[in-house]
Protein chains: 2
Amino acid sequence: MSSATNYQADVLKSIAQATRLKIIDFLRNGERCVCEIFPAIDEEQSNTSRHLAYMQTHGILSRRKDGVKIYYAVKHPEVFEIIDRATTIAKRESEARIGLFSGAERR
Amino acid sequence: MSSATNYQADVLKSIAQATRLKIIDFLRNGERCVCEIFPAIDEEQSNTSRHLAYMQTHGILSRRKDGVKIYYAVKHPEVFEIIDRATTIAKRESEARIGLFSGAERR
DNA sequence: AGCATATATGATTATACATTCATATAATAA
DNA sequence: TTATTATATGAATGTATAATCATATATGCT
């Protein structure tokens, strides 16, 4: 199998998960420490830590240590562009689905 | 949980998989039938059919029937933009990793 | 009607993933 | 040194996912 395709899939898999999307969204305003992230997204510290580690390992997040605290940030602006486009698709699709119902008056 | 986040995740999950990426890439030049797709990406007919159905259900692909043949196409141009950005990230990361090794002469 | 081709699907298996709880480790403060 | 706070991780569990084989269904052809 094309390993280029596998790398692409790995990058996208690092984003394509609800908890990770919440984390990334919270990081839109820049670097935050774990202690700020997990209460903000309402997930367990443990689970949050695992997702952060996953994304860092896969090159999506950067990691900076300052004393006891670990600060994570989104490393590539393209990550936000990807999410914005996914949002566009999701919106367009959900509108299309609504249209199927209310669309009795089909032009 | 925010269901908006779950929809975004669903859209991205429909793309974030090696076999599906191969399919989408093959569909860059437009609509193709199943009988063209599975030999092109070198996967079983059965497995290809499942992934096509998955992506169609999740609003990523359109589906058109013509006789015995079923033609699939990528429905939203944003899908390609997402993949292109994932490719950019994957490339940048793999270059950074190479740099870690060869980078003895660090400027 | 019978046959060939295209696509889909049930059942199964193996693997990966997300989450939780409890606990380990590291840094700092008292 | 002990206590406290921040983060990570082992073990366990449940659930989802991908792939395969065999077979069903649908269409069109002879």
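First the proteins, then the strands, lettered A, B, ... as listed; each starts at 1.
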Between [X] ([atom1]) and [N] ([atom2]), how many Å, whole number?
X	N	atom1	atom2	result
Ile70(B)	dT9(C)	CD1	P	10 Å
Arg63(A)	dA26(C)	CZ	C1'	11 Å
Asn47(B)	dA8(C)	CG	P	13 Å
Tyr71(B)	dT7(C)	OH	P	8 Å
Leu52(A)	dT9(D)	CG	P	12 Å
Met55(B)	dA18(D)	CE	P	10 Å
Glu44(B)	dA8(C)	CD	P	15 Å

- Using a heavy-atom cut-off of under 4.0 Å over every strand shown, decide if Gln45(B) touches base, sugar-phosphate, or nothing.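 It contacts base atoms.
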- Message: Please classify the nucleic acid contact of Tyr72(B) as base, sugar-phosphate, or nothing, using heavy-atom distances under 4.0 Å.
- Response: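 It contacts sugar-phosphate atoms only.
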- State, with a plain yes or no, whether a side-chain heavy atom of Tyr72(A) is found less than 4.5 Å away from one of Arg32(A).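 The answer is no, as the side chains (C-beta and beyond) never meet within the 4.5 Å cut-off.
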- Query: Is the closest side-chain donor-acceptor distance between His76(B) and Glu93(A) under 3.5 Å?
  - Reply: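 Yes - a donor-acceptor pair under 3.5 Å links their side chains.
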- Message: What I want to check is whether an N or O donor and acceptor connect the side chain of Arg50(A) with the base of dT7(D) at under 3.5 Å.
- Response: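 Absent.
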- Report yes or no: is there a donor-acceptor pair, N or O only, under 3.5 Å between the side chain of Ser46(B) and the base of dT9(C)?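 Between dT9(C) and Ser46(B), which were checked side chain against base, a qualifying N/O pair under 3.5 Å is present.
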- From the options dT5(C), dT28(C), dA19(D), select the nucleotide whose nearest atom is closest to the side chain of Val68(B).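 The closest nucleotide is dT5(C).
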- Task: Taking the six-membered ring of Phe80(A) (Phe, Tyr or Trp), confirm whether the NZ or CZ of Arg28(A) is under 6.0 Å from its centre and within 45° of its axis.
- Result: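 Geometry flag: not set, cation outside 6.0 Å or 45°.
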- May I ask you to verify if any side-chain N or O of Lys65(A) is less than 4.0 angstrom from the OP1 or OP2 atom of dA27(C)?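 It does, given that an N or O in the side chain of Lys65(A) lies less than 4.0 Å from OP1 or OP2 of dA27(C).
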- Message: Can you tell me if His51(B) touches the phosphate of dT17(D), counting only side-chain N or O atoms and a distance under 4.0 Å to OP1 or OP2?
- Response: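 It does not, given that no N or O in the side chain of His51(B) lies less than 4.0 Å from OP1 or OP2 of dT17(D).
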